[in-house]
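Inspection log for the structure reproduced underneath, given as structure tokens.
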There are 2 protein chains.
Amino acid sequence: MLKELASAAPRDCEDCPIRHRAVCARCESDELERLDQIKYYRSFEAGQTLIWSGDKMDFVGSVVSGIATLTQTMEDGRTQMVGLLLPSDFVGRPGRDSAAYDVVAVSDIVMCCFRKKPFEDMMARTPHIAQRLLEMTLDELDAAREWMLVLGRKTAREKIASLIAIIARRDAVLNTAGMQGPLVFDLPLTREAMADYLGLTLETVSRQVSALRRDGVIMLEGKRRVTVPDFNRLLEEAGDDSDGGLLV
Amino acid sequence: MLKELASAAPRDCEDCPIRHRAVCARCESDELERLDQIKYYRSFEAGQTLIWSGDKMDFVGSVVSGIATLTQTMEDGRTQMVGLLLPSDFVGRPGRDSAAYDVVAVSDIVMCCFRKKPFEDMMARTPHIAQRLLEMTLDELDAAREWMLVLGRKTAREKIASLIAIIARRDAVLNTAGMQGPLVFDLPLTREAMADYLGLTLETVSRQVSALRRDGVIMLEGKRRVTVPDFNRLLEEAGDDSDGGLLV
DNA sequence: TGTAATCCTTGACGCAGATCAATTCACGGG
DNA sequence: CCCGTGAATTGATCTGCGTCAAGGATTACA
């Protein structure tokens, strides 16, 4: 296992892969320098719980690479994923000192962290940071509301199609520029994590993935690699308007 | 019908009932004066749709009095409420020019509005406004995530108990200071709106409300007035930890 | 090469909540 | 006072998804 890779962190903010999408996106070079002085990197292995709900949070930070989940758990063990953290996403909340959710690494992860207090001070003095954080929070709120429609009103098949569409769309944005032709990508989540995301059981997830494959909506290579021959068909299955309706 | 009451708006920001909780909460008196110059009041009757999803939004604003809902609708008519707007809540998103959701007045409503462009300009120059909006947006995000757990993992009975608990708690904060003794309040929503909130049908809502009444968890006077004799019992029924677990 | 651990798939069955349908209740207007 | 209208209740039935259970695929390590 190549653990060294997981801790490969950018030396310099200017080379940082999330430079133009994270909280620091709007910072000028002098602001960036000040941030640079208080930042530090941390890396985590796949499967590790970075933060436990209720724990004292003495830092905030951005995901540089890798994927993590935000989940909520009930006393009896039922769990619901409430956020999916991708590179550039922000973790922690200025002004709160204990974590509200569990944060779990799905893959190996590198984070760019700031101790909370210095970051809060810096935020008060640097409107560019607060502005960007507001923008990102509003985007997350929109995503959460989209997700509420999925959880509250969609059928199991529509839920699966919606999730695959979200992953496909994100992948298309990050990698290939256009969305023409068949999309090919890996599902970053296990069936169980998909179930936690969608408010289903892993058996139902498995059945519906199989059903979409049988019906030609997706093709599978192994258990994770997906090909979507016709994205509009997938959107129809998701119950979404085939063109509009996407806030991302 | 007393329509004049609906348009009773405060003359002066200092007398405004939401002065210390809305976007303007942190503003100094000079900032308030500038806001004062660009604000205007609008009132709407119960049942009216204030904003249609997809419409051009040329204003943003705060709910001064009354209740409204944010809902999302699928092509086939399925709807999911994604937000409940109470006095002091903010409507609209700086930086976006079309509405993402339908906004519907549940009761008669008064709003304090700002044309979008001047408000955005003002926000760029007034960190106090942006800071407060960030804080409010983070709170809404937390509420949305709480709600995702309700939608994804709770049973119909737990959903109803959760909703009643939320309304009871909010009512207790606004009106009676303490939470000792039985709580009495009105449900602001119809059974159908409750169903839209919780991802259920109105029949199921009705049945579960009746069941909670039969089991002595709540008492009903007419269809709307609720008494909660034991709040912890209600929280147990909601599947929540009986003390912690509340982010509000 | 075996075997243990994960992760996934598939089947059989039951139940919570949706759907369809019929009343009942509350209230405002003629 | 009656009647009309929209909201809520309640019942009967149906079904999608959860639950329980058995096995298959892939990888890691002895």
Side-chain angles (χ1 to χ4, degrees), chain A residues 1-3 45-47 74 76-80 104 106-107 150-164 186-215 218 220-226 237 239, chain B residues 1-3 45-47 74 76-80 104 106-107 150-164 186-215 218 220-226 237 239:
Chain A
M1 207 181 279
L2 302 170
K3 280 179 197 170
E45 282 174 58
M74 293 172 66
D76 62 7
R78 282 176 280 176
T79 77
Q80 174 66 53
V104 181
V106 169
S107 64
V150 172
L151 288 173
R153 293 302 183 190
K154 292 195 178 180
T155 64
R157 168 183 264 245
E158 290 169 334
K159 285 178 176 182
I160 297 292
S162 299
L163 176 56
I164 295 177
D186 281 323
L187 295 175
L189 303 175
T190 65
R191 299 289 186 264
E192 186 177 21
M194 292 171 69
D196 278 351
Y197 189 105
L198 297 168
L200 297 170
T201 59
L202 85 172
E203 294 94 326
T204 299
V205 170
S206 182
R207 272 187 255 272
Q208 297 298 337
V209 169
S210 298
L212 289 176
R213 179 172 46 69
R214 256 199 313 282
D215 299 344
I218 58 173
L220 282 176
E221 201 180 319
K223 298 173 188 279
R224 296 296 192 87
R225 176 142 288 242
V226 176
E237 292 289 352
Chain B
M1 206 180 278
L2 301 170
K3 281 178 195 169
E45 283 174 55
M74 293 172 65
D76 62 6
R78 280 176 282 176
T79 77
Q80 174 65 53
V104 181
V106 169
S107 64
V150 172
L151 288 173
R153 293 301 182 192
K154 292 195 177 179
T155 65
R157 170 182 262 244
E158 288 170 334
K159 285 178 175 181
I160 298 291
S162 300
L163 176 56
I164 295 177
D186 281 323
L187 294 175
L189 303 175
T190 65
R191 298 290 185 263
E192 187 178 20
M194 292 171 69
D196 278 350
Y197 190 104
L198 298 169
L200 297 170
T201 59
L202 83 172
E203 293 95 328
T204 299
V205 170
S206 182
R207 272 186 255 271
Q208 297 298 337
V209 169
S210 299
L212 288 175
R213 178 172 48 69
R214 254 199 314 280
D215 298 346
I218 58 173
L220 282 176
E221 201 180 320
K223 300 178 185 275
R224 296 296 192 87
R225 177 142 289 243
V226 176
E237 292 289 351

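The sequence lines fix the lettering, A, B, ..., with proteins before strands; numbering per chain opens at 1.
Distance CG (B:Leu220) to C1' (D:dT9): 12 Å, rounded to an integer number of Å. Look at CE on B:Met194: it is 14 Å from C1' on D:dT9, rounded to the nearest Å. Look at CD on A:Glu192: it is 15 Å from C1' on D:dG18, rounded to the nearest Å. If you measure from atom CG of B:Leu189 to atom C1' of D:dA8, you get 15 Å, rounded to the nearest angstrom. Between B:Arg157 atom CZ and C:dC15 atom P there is a gap of 18 Å when expressed in whole angstrom units. Between the P atom of D:dT19 and the CZ atom of A:Arg78 lies a distance of 9 Å, rounded to the nearest Å. Spacing between atom CZ of B:Arg191 and atom C1' of C:dA26 amounts to 13 Å, rounded to whole angstrom units.
Without hydrogens or angle criteria, B:Arg153 side chain to A:Arg78 main chain gives no donor-acceptor distance under 3.5 Å. Between the side chain of B:Ser210 and the backbone N or O of B:Ser206 there is at least one donor-acceptor pair closer than 3.5 Å. Looking only at distances, a side-chain donor or acceptor of A:Arg224 sits under 3.5 Å from a matching main-chain atom of A:Leu187. Between the side chain of B:Gln80 and the backbone N or O of B:Asp196, at least one donor-acceptor pair lies under 3.5 Å.
For the pair A:Ala156 and B:Gly222, nearest-nucleotide mapping onto DNA chain D gives the more 5' position to B:Gly222. Nearest-nucleotide mapping onto DNA chain C: of B:Lys223 and B:Lys154, the residue sitting toward the 5' end is B:Lys154.
Only B:Gly199, B:Leu200, B:Thr201, B:Glu203, B:Thr204, B:Arg207, listed by number, bring a heavy atom of residues 198-215 of chain B to less than 4.0 angstrom from any atom of DNA chain C.
In this model, the phosphate group of D:dA8 is approached by a side-chain N or O of B:Arg224 to a distance below 4.0 Å at OP1 or OP2.
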Let's go through A:Val209 and A:Arg191 carefully: what are the C-alpha distance in whole Å and the side-chain angles of both, what is the deciding distance for side chain to side chain contact (heavy atoms under 4.5 Å, CB included) to 0.1 Å, and is it a yes or a no? CA-CA 9 Å; A:Val209 169; A:Arg191 299 289 186 264; 4.1 Å; yes
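Within a 6.0 Å sphere centred on CD of A:Glu203, heavy atoms belonging to other residues, nucleotides or ligands number more than 12.
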